[in-house]
Amino acid sequence: MAACTVYSTQPLRTNISIPTSSKTHVGFNQKQVVFYTTTKKSSNRRTNSNNRRYLITCGAGDSQTIVIGLAADSGCGKSTFMRRLTSVFGGAAEPPKGGNPDSNTLISDTTTVICLDDYHSLDRTGRKEKGVTALDPRANDFDLMYEQVKAIKEGVSVQKPIYNHVTGLLDPPELIKPPKILVIEGLHPMYDSRVRDLLDFSIYLDISNEVKFAWKIQRDMAERGHSLESIKASIEARKPDFEAYIDPQKQYADAVIEVLPTQLIPDDNEGKILRVRLIQKEGVKYFSPVYLFDDGSTISWIPCGRKLTCSYPGIKFSYGPETYKGNEVSVVEMDGQFDRLDELIYVESHLSNLSSKFYGEVTQQMLKHADFPGSNNGTGLFQTIVGLKIRDLFEQIVASRAETPVGAAKA
């Protein structure tokens, strides 16, 4: 059976789900049909005669889009992670062809990435007038976010709004068609419980204040032309809302990439060497945590030597079970940075449950994007690994749906 949705222009968000045969002329994925009805007067009750326009959009029930959520504060590496993730699935991720040049959306052969900033209900001036930041839920339209993510997951195309980061204005919407994988990235993918329940997998990028400050200065000064004073003021203004609305989301994440200052250099203030932890929740369907050497053990490993070139202060790995935000997790940690990416194959050979297609795929992906930020440390390594795990999760979900009769899946 295919699932169809009927949309009426009045009211704007009214919808009715209708089961239809998969062979009907409106039953194919992303098919749209427009029709009109006329309501006539009845002798039994008083009604107004009017014409109403309806839009039917249908999606095949067995090709439901898989939804991934990525949460992080501004300037925490979401864009780089998205580029690594889309690369794992193949095909270049590009803005919609012929669309708004300032669109935040990225589309590849398999994935579509939408930025949740597009669901800001207030533009930059409006937020300033009301005295709220973009992190404040009052500056965002969670009803529309939920409705549109749900529609895409069910195979329905939507007209998604666009928040223009250049002008700070809300631009006209753009058409988003259901992909195989939808990634929603931004400040609030796990804030609203309705949206959170739509996610098949979720990731939180947790950057310490020291590292976040250095990264934000680099991005906003170099790429967006902001002054150092404005960046400092922005960070301070965002802190209360970040702690209230963004940071708590990590308790819901299936995987957290935590970026901290190094412990290899006492009292390090430069922030160039990073300690990165991949925190993986246990018991997540279709997800098996990566481990080092022996699953469930507590490991500390310094691999520097003849097989891995390490300049000062070296590299240290660790692994073990922990409790994080009330959840049982497995944690792989890397402190330090690589001198030669081609030698990463040595580290890769000691990691298990990578979900790679062949020996050396992690190293290959890292070498392919050696110019990306974090490619010489744990941020790039763990982002790449999570990308492979998401690919594996996608393939497992698709396989499970193929094995389940359509009638049983709908029951």
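- Ring centroid separation for the pair His188 and Tyr245 does not come in under the 6.0 Å cut-off.
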* **Working for ring-ring contact (aromatic ring centres under 6.0 Å, His included), residues Tyr191 and Phe142** => CA-CA 9 Å; Tyr191 178 81; Phe142 288 100; 5.3 Å; yes

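- Ser157 and Lys177 share no side-chain donor-acceptor pair at under 3.5 Å.
- For the residue pair Gln249 and Arg196, no side-chain donor N or O sits within less than 3.5 Å of a side-chain acceptor on the partner.
- Residues Asp73 and Ile207 are not in side-chain contact: their nearest non-hydrogen atoms beyond the backbone lie 4.5 Å or more apart.
- Side-chain N/O atoms of Thr125 and Asp123 include no donor and acceptor closer than 3.5 Å.
- Using a 4.0 Å cut-off between charged side-chain N and carboxylate O, Arg277 and Asp206 make no salt bridge.
- Contact annotation: the side chain of Arg127 never approaches that of Thr133 to less than 4.5 Å [non-hydrogen atoms, C-beta and beyond].
- Between the Asn140 side chain and the Asp136 main chain, a donor and an acceptor come within less than 3.5 Å of each other.
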* To do: With side-chain hydrogen bond (donor to acceptor under 3.5 Å, both in side chains) as the test, would you mind laying out the steps for Ser103 and Asn100 before giving the verdict?
  => CA-CA 5 Å; Ser103 170; Asn100 188 329; over 6 Å; no

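- Note on Arg194 versus Glu147: no salt bridge recorded, every NZ/NE/NH1/NH2 to OD/OE distance being 4.0 Å or above.
- Inspection of the Thr105 and Glu174 side chains reveals an N or O donor paired with an N or O acceptor under 3.5 Å.
- Side chain of Thr384 to backbone of Gln365: no donor-acceptor contact under 3.5 angstrom is found.
- Between the OG1 atom of Thr379 and the CD1 atom of Ile257 there is a distance of 8.0 Å, given to the nearest 0.5 Å.
- Of the possible donor and acceptor atoms, none in the side chain of Asn377 sits under 3.5 Å from a partner among the backbone N and O of Leu274.
- Screening Asp118, Asn164, Asp117 against Asn104 for a side-chain hydrogen bond (donor to acceptor under 3.5 Å, both in side chains) leaves a single residue, Asp118.
- Under the 3.5 Å distance criterion, with hydrogens and angles disregarded, a donor-acceptor pair is assigned to the side chains of Ser375 and Arg84.
- Not a single donor-acceptor pair under 3.5 Å links the side chain of Gln337 to the backbone N or O of Gly314.
- For the pair Lys357 and Glu395, the salt-bridge criterion is met [side-chain N within less than 4.0 Å of a carboxylate O].
- In summary, the side chains of Lys180 and Thr65 do not present any donor paired with an acceptor at a separation below 3.5 Å, with no hydrogens or angles considered.
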* **Worked verdict on Ser400 versus Tyr286 for side-chain hydrogen bond (donor to acceptor under 3.5 Å, both in side chains)** => CA-CA 10 Å; Ser400 69; Tyr286 304 120; 3.1 Å; yes

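- At least one donor-acceptor pair under 3.5 Å links the side chain of Lys153 to the backbone N or O of Leu198.
- Screening Tyr319, Trp301, Phe317 for a ring-ring contact (aromatic ring centres under 6.0 Å, His included) involving Phe293 leaves a single residue, Trp301.
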* Under the side chain to side chain contact (heavy atoms under 4.5 Å, CB included) criterion, do Arg238 and Asp241 qualify, and how do the steps go? -> CA-CA 6 Å; Arg238 294 166 67 93; Asp241 283 353; 5.8 Å; no

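- Residue-environment remark: NZ (Lys250) exceeds the threshold of 12 foreign heavy atoms within 6.0 Å.
- Using a cutoff of 4.0 Å between basic side-chain nitrogens and carboxylate oxygens, Glu154 and Lys150 are scored as salt-bridged.
- Distance alone, capped at 3.5 Å, is enough to place a donor-acceptor pair between the Glu348 side chain and the Glu361 backbone.
- In this structure, Leu388 and Val362 have side chains that are in contact, with non-hydrogen atoms separated by less than 4.5 Å.
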* Asked: side chain to side chain contact (heavy atoms under 4.5 Å, CB included) between Leu381 and Leu344: does it pass, once the steps are laid out?
  -> CA-CA 9 Å; Leu381 174 62; Leu344 176 60; 4.2 Å; yes

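- Residues Val347 and Leu308 are in side-chain contact: their nearest non-hydrogen atoms beyond the backbone lie under 4.5 Å apart.
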* **Verdict with supporting geometry, Ser288 and Asn353, side-chain hydrogen bond (donor to acceptor under 3.5 Å, both in side chains)** => CA-CA 7 Å; Ser288 299; Asn353 270 356; 4.6 Å; no

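- Proximity of Asp197 to Val195: side-chain heavy atoms (C-beta onward) are nowhere separated by under 4.5 Å.
- Look at Lys239 and Glu236 and you find a salt bridge, because one of the NZ, NE, NH1 or NH2 atoms lies within 4.0 Å of a carboxylate O, short of that distance.
- A salt bridge is absent between Lys307 and Glu343: the closest approach of a Lys/Arg side-chain nitrogen to an acidic carboxylate oxygen does not fall below 4.0 angstrom.
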* Asked: side chain to side chain contact (heavy atoms under 4.5 Å, CB included) between Thr111 and Leu85: does it pass, once the steps are laid out?
  -> CA-CA 9 Å; Thr111 62; Leu85 176 61; 5.6 Å; no

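- Between the side chains of Asp335 and Thr262, at least one donor N or O lies within less than 3.5 Å of an accepting N or O.
- Looking at heavy atoms from C-beta onward, Thr86 lies out of side-chain contact with Leu106 at the 4.5 angstrom threshold.
- For Lys389 and Phe287, the positive end sits near the middle of the six-membered ring, less than 6.0 Å away and at most 45° from its axis.
- Between Glu94 and Ile107 there is no side-chain heavy-atom pair separated by less than 4.5 Å.
- Judged by the 6.0 Å and 45° rule, Arg83 forms a cation-pi pair with Phe372.
- Between the side chain of Thr323 and the main chain of Gly326, no donor-acceptor pair closer than 3.5 Å is present.
- Between the side chains of Tyr204 and Gln251, no donor-acceptor pair is found at a separation under 3.5 Å.
- Counting heavy atoms from C-beta on, the side chains of Gln280 and Leu278 come closer than 4.5 Å.
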